[in-house]
Amino acid sequence: MTEGGIRTVGVVGLGAMGAGIAQLAIEAGFATIGHELDADAGEAARVRITHFLARKVDKGQLAAEARDAALDRLRLSSDLSELAACEVVIEAAFEDLAVKHELFRALEAVVPDETILATNTSALSVTEIASVLELPERAVGMHFFNPAPLMPLVEIVRAERTAAPVAAAARAFGIALGKTPIDCSDTPGFVVNRVLIPLLNDCVRVLDEAGITPEDLDAGMKLGAGWPMGPCTLLDLVGVDVHVHASDALYDKLREPRMAPPARLVRMFKAGKLGRKSGEGFYRYD
Ligand code: CAA
């Protein structure tokens, strides 16, 4: 299947990443079904998407009619069987292998054989996720970056059994969403997280080793290394829980000490200081 064959897109899980991916899909002209078990969480995603599209209208980046048409393309559902209408489904659910297995089994039971099942996992193995499918060749990784509507990259992850036309279709679909795809294999952390996760862990270790403040570390990496935002601001954006989980998953696989989450981040995680989403991380948010 080529991207030209995709008309309806499913997104399972409408947290920050899923909502961002759904926003991309409706802006790119695809009818989009966003699946959330909890109707309130689904509505919260719609509010979030509406807010960001409204900002684009305010700033003259999007016509009001185009915004309205995009929002009309978004349908929310808490019934997985409605995804039977989709040519591609992107799973952006909680990063837990058992959760993803259950979802992939349930999805395969309702979608046609030709439907591509993509996962936005950032630290789990796509091959392992796909292992519960009758047709594992239909599975592929499409790894977007946070915030999904703004970050231009998508990693197209070929699992052990991904069919070449499925990877090619995912790549073309990524381009249709306005992203620049890179092709990679199903190795731990793929490309960017393999490098970025230990780097962010080093940044947090430096905080304690050098006895500096998050503000100064952020200023250091922005002004001295050209980062668009400092590491503490970035961790607050990504979510300390998401980062600790991804670090643990990579450490499990690679056993490199730098992959393990630093004690300071684990303490923050346990205290519920998760960053923007909880109102406090390295910084406070109102
Ligand atoms: N979704 C949709 N739109 C958003 C958004 C979001 N989450 N966040 C912001 N926007 C919109 C807003 O409307 C905003 O405009 P207003 O503030 O006027 O409302 C608009 O985007 C532009 O935002 P900014 O002015 O903040 O844009 P910027 O030019 O400062 O760039 C940035 C923001 C692209 C995030 C930039 O700071 C950047 O590149 N930061 C680094 C991010 C990064 O490294 N991400 C990777 C994280 S790692 C990861 O994702 C891997 C993983 O698996 C966890």
Side-chain angles (χ1 to χ4, degrees), residues 11 13-28 34 44-62 67 70-71 74 90-95 100 118-126 141-157 177-180 182 184 186-201 203-204 218-219 221-223 225-250 259 261 265 269 274-277 281 283 285:
V11 181
L14 297 177
M17 291 306 290
I21 295 166
Q23 179 183 327
L24 284 168
I26 58 172
E27 281 195 79
R46 194 201 295 276
V47 168
R48 183 184 171 89
I49 292 170
T50 304
H51 165 78
F52 286 127
L53 293 186
R55 288 294 300 150
K56 285 180 95 165
V57 173
D58 292 344
K59 291 189 281 187
Q61 296 167 349
L62 184 69
R67 181 258 327 262
L71 289 171
L74 178 65
I90 304 176
E91 169 277 312
F94 185 65
E95 285 278 83
K100 305 225 187 232
T119 172
N120 179 53
T121 186
S122 57
L124 300 176
S125 153
V126 181
M142 287 188 79
H143 181 218
F144 295 83
F145 291 79
N146 195 340
L150 303 186
M151 298 301 287
L153 183 70
V154 59
E155 292 175 329
I156 306 297
V157 186
L177 294 179
K179 298 298 171 196
T180 301
I182 58 170
C184 54
D186 188 23
T187 48
F190 316 130
V191 176
V192 173
N193 275 351
R194 171 72 178 81
V195 177
L196 186 59
I197 286 181
L199 196 52
L200 286 172
N201 286 340
C203 286
V204 175
D218 279 359
M221 295 309 288
K222 276 169 67 179
L223 305 179
W227 285 29
M229 60 170 52
C232 299
T233 306
L234 180 56
L235 283 162
D236 277 359
L237 172 77
V238 167
V240 170
D241 52 340
V242 171
H243 179 84
V244 165
H245 200 279
S247 294
D248 276 333
L250 289 196
M259 294 289 178
L265 277 185
F269 172 52
L274 307 182
R276 281 179 181 277
K277 69 173 89 169
Y283 301 106
Y285 303 88

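Residue numbers start at 1 and run along the sequence shown. Basis for what follows: all heavy atoms, side chains included, without hydrogens, waters or symmetry-related copies. Both ligands and their constituent atoms are indexed starting at 1 by order of listing.
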Location of contacts on Met151 toward ligand 1, heavy atoms closer than 4.0 Å: side chain
Is_contact(atom 29 (O) of ligand 1), protein non-hydrogen, under 4.0 Å: no
Proximity to ligand 1 by part of Leu234, non-hydrogen separation under 4.0 Å: side chain
For atom 50 (O) of ligand 1, closest protein heavy-atom neighbour: Asn146 N, 2.9 Å
Residue portion contacting ligand 1 (non-hydrogen atoms closer than 4.0 Å) for Leu196: side chain
Minimum-distance protein heavy atom relative to atom 11 (C) of ligand 1: Phe52 CD2, 3.9 Å
Leu74 and Arg46, any side-chain heavy atoms less than 4.5 Å apart: yes
Side chain to side chain, Phe190 and Thr121, heavy atoms closer than 4.5 Å: yes
Reference residue Glu155; test side chain to side chain contact (heavy atoms under 4.5 Å, CB included); the match among His143, Lys179, Met142: His143
Flag: protein heavy atom within less than 4.0 Å of atom 26 (O) of ligand 1: no
Atom pair CG (Leu124) and NE2 (His245), whose distance is rounded to the nearest 0.5 Å: 7.0 Å
Ligand 1 contacted by Met17 (non-hydrogen, < 4.0 Å): no
Close-contact set for ligand 1 against His143 heavy atoms, below 4.0 Å: 52 (C), 53 (O)
Leu53 and Ile26: CA distance, side-chain angles, deciding distance, side chain to side chain contact (heavy atoms under 4.5 Å, CB included) verdict: CA-CA 11 Å; Leu53 293 186; Ile26 58 172; 4.2 Å; yes
Beyond-backbone contact of Arg67 with Lys56, side-chain heavy atoms, under 4.5 angstrom: no
Identity and separation of the nearest protein heavy atom to atom 14 (C) of ligand 1: Lys59 NZ, 3.7 Å
Over 12 foreign heavy atoms within 6.0 Å of NZ, Lys277: yes
Any protein heavy atom nearer than 4.0 Å to atom 17 (O) of ligand 1: no
Structural part of Leu150 in contact with ligand 1, heavy atom criterion under 4.0 angstrom: side chain
Which of the ligand 1 atoms, numbered from 1, are nearer than 4.0 Å to a heavy atom of Gln23: 2 (C)
Nearest-contact summary for atom 49 (C) of ligand 1 - protein heavy atom, Å: Phe145 CD2, 3.6 Å
Atoms of ligand 1, numbered as shown, that sit under 4.0 Å from any heavy atom of Arg55: 13 (O), 16 (P), 18 (O), 19 (O)
Non-hydrogen atom of His51 closer than 4.0 Å to ligand 1: no
Val204 side chain near Pro231 side chain, heavy-atom distance below 4.5 Å: no
Donor-acceptor contact present, side-chain Asn120 to main-chain Gly18, <3.5 Å: no
Nearest non-hydrogen protein atom, atom 36 (C) of ligand 1: Pro228 CB, 4.1 Å
Val126 backbone acceptor or donor facing Asp186 side chain under 3.5 Å: yes
Residue, atom name and distance, where the atom is the protein heavy atom closest to atom 40 (N) of ligand 1: Met229 CG, 3.5 Å
Asp218 and Met229, any side-chain heavy atoms less than 4.5 Å apart: no
Close approach of Lys56 to ligand 1, heavy atoms, under 4.0 angstrom: no
Per-atom contacts, ligand 1 versus Arg48 - under 4.0 Å to a heavy atom: 7 (N)
Heavy-atom side-chain contact between His243 and Leu265 under 4.5 Å: yes
Within-4.5 Å side-chain heavy-atom neighbours: Leu237 and Arg276: yes
Option with minimal heavy-atom separation from atom 52 (C) of ligand 1, where the choices are Leu235, Thr233, Asn193: Asn193
Top protein contact for atom 54 (C) of ligand 1, by heavy-atom distance: Val238 CG1, 3.8 Å
Side chain to side chain, Arg194 and Leu250, heavy atoms closer than 4.5 Å: no
Protein non-hydrogen atom found under 4.0 Å from atom 44 (O) of ligand 1: yes
Nearest-neighbour protein heavy atom for atom 7 (N) of ligand 1, which is reported as residue plus atom name and distance: Pro147 CB, 3.2 Å
